[in-house]
Amino acid sequence: VELLAGPRPLAGRRVLITAGGTIERLDPVRYITNDSSGKMGFALAESARGLGADVTLVCARTDGPPPPGVRVVSAESAEEMYEAVMSRVPETDFVVKAAAVADYRPARRQSSKMKKGPEQLTLELVRNPDILQAIGDWKQAGAAEGGAGRRTPFVVGFAAETGDTERYALDKLKRKRCDLIVANDVSQAGAGFGTDTNIVSVYGDEGLVAALPLQSKRAAADRIWQLAIERASSPAA
Ligand code: CTP
Ligand code: CA
């Protein structure tokens, strides 16, 4: 990989970032979602743009508008996000998966508003596709075929955890074959969903790469890009 350096190290690079929380619809007016605000993904997009990248932001539900100067693709549900991401991965240099993708969706989507009925109602949910896993598997398959003529993006995953953050994050990194994983303990004040600040630890194959202190999501994004660029340009990557 040629060295990425200078004030615009991502010039000419295509970056794909996902942001926000997916919406999994039950009927035309009801859905399941999560607390993701999209702020971390937006900060990463803004930072990448400042570093010269051509940025595509795949957005689920977010608080507020995306930053200017990036290409925005809307994807409401996990399945839509899967399509939006997988169709673009082959022409991408860096993939950053900051979105909070729902693990499950309602098994059936009613076409008209559900009526109330019995005292108890059980919702049946089914697993969503795992997008980060699919990217990892795609990279692996390409490597197995010799990788001729194929770009293999540098992949940064996220992990929002409570409890044994390091173990869960490293497990996800290996299972999903990410190059880096950014973990945050969402039970800490000033970290995670909705806030303007974050406290994250970045892990690579060898373990902890950097434990970042409490700082704005934008400052954390700059550090994450610095680490990703360093590793993508090193001969080992
Ligand atoms: N992710 C994804 N597709 C999914 C679920 C998660 O691409 N269907 C991605 C997220 O965008 C994130 C990473 O996988 O970058 C980790 O998400 P997380 O929810 O922490 O991991 P899971 O594998 O879903 O494990 P769990 O929720 O059981 O902890
Ligand atoms: Ca999950």
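Whatever order the structure lists them in is the order used to number ligands and atoms, beginning at 1. Because the structure is a prediction, the values reported are computed rather than measured.
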Once rounded to the nearest 0.5 Å, what's the spacing between atom CZ of F42 and atom OG of S47? 15.0 Å
Given D171, which of R175, K174, R167 fulfils the salt bridge (charged side-chain N to carboxylate O under 4.0 Å, His left out) condition? R175
Can you list the atoms of ligand 1 that are under 4.0 Å from a heavy atom of D130? 1 (N), 2 (C), 3 (N), 4 (C), 7 (O), 8 (N), 23 (O)
Can a salt bridge be assigned to the pair E80 and R25 using a cut-off of 4.0 Å between side-chain N and carboxylate O? no
Taking the side chain from E24 and the backbone from A78, do they hold a donor-acceptor pair closer than 3.5 Å? yes
Do L180 and L51 land in one hydrophobic cluster if side-chain heavy atoms of ILVMFWY residues count as linked below 4.5 Å? yes
Heavy-atom nearest neighbour in the protein, as seen from atom 9 (C) of ligand 1, with distance rounded to 0.1 Å: L132 CB, 3.8 Å
Is there a polar contact between ligand 1 and T18, counting only N or O atoms under 3.5 Å apart? no
Within-cut-off N or O pair, A99 and ligand 1, under 3.5 Å: yes
Heavy atom of P129, distance to ligand 1 below 4.0 Å: yes
Would a search of protein heavy atoms around atom 14 (O) of ligand 1 find one under 4.0 Å away? yes
Atom 23 (O) of ligand 1: closest protein heavy atom, distance to 0.1 Å, is K176 NZ, 2.7 Å
Once you round to the nearest 0.5 Å, how far does CZ of F193 lie from CG of N34? 5.0 Å
For D103, which part has a heavy atom under 4.0 Å from ligand 1: side chain, backbone, both, or neither? side chain
Charged N to carboxylate O under 4.0 angstrom, K39 versus D63? no
With atoms numbered from 1 as shown, which atoms in ligand 1 lie under 4.0 angstrom from a non-hydrogen atom of A159? 20 (O)
Go through the steps for R105 and E76 under the test salt bridge (Lys or Arg N to Asp or Glu O under 4.0 Å), then give the verdict. CA-CA 12 Å; R105 68 176 181 278; E76 186 180 81; over 6 Å; no
So which heavy atom in the protein is nearest atom 16 (C) of ligand 1, and how far is it from that ligand atom? F158 O, 2.8 Å
Check if A160 has a non-hydrogen atom at a distance under 4.0 Å from any atom of ligand 1. yes
Do side-chain atoms of N128 reach the backbone of V101 as a donor and acceptor pair under 3.5 angstrom? no
Whether R127 lies under 4.0 Å from ligand 1, heavy atom: no
Carboxylate-amine/guanidinium contact D222 R218, below 4.0 Å: yes
Under 4.0 Å between a Lys/Arg side-chain N and an Asp/Glu carboxylate O for D179 and K139? yes
Checking contacts here: is it the side chain or the backbone of Q133 that comes within 4.0 Å of ligand 1, counting heavy atoms only? Could be both or neither. neither
For atom 29 (O) of ligand 1, find the nearest protein heavy atom and state the residue, atom name and distance (0.1 Å precision). K172 NZ, 3.0 Å
Regarding ligand 1, does V101 bring an N or O atom to under 3.5 Å of one of the ligand's N or O atoms? no
Report yes if some N/O of N128 lies less than 3.5 Å from some N/O of ligand 1; otherwise report no. no
For atom 3 (N) of ligand 1, closest protein heavy-atom neighbour: I131 N, 3.0 Å
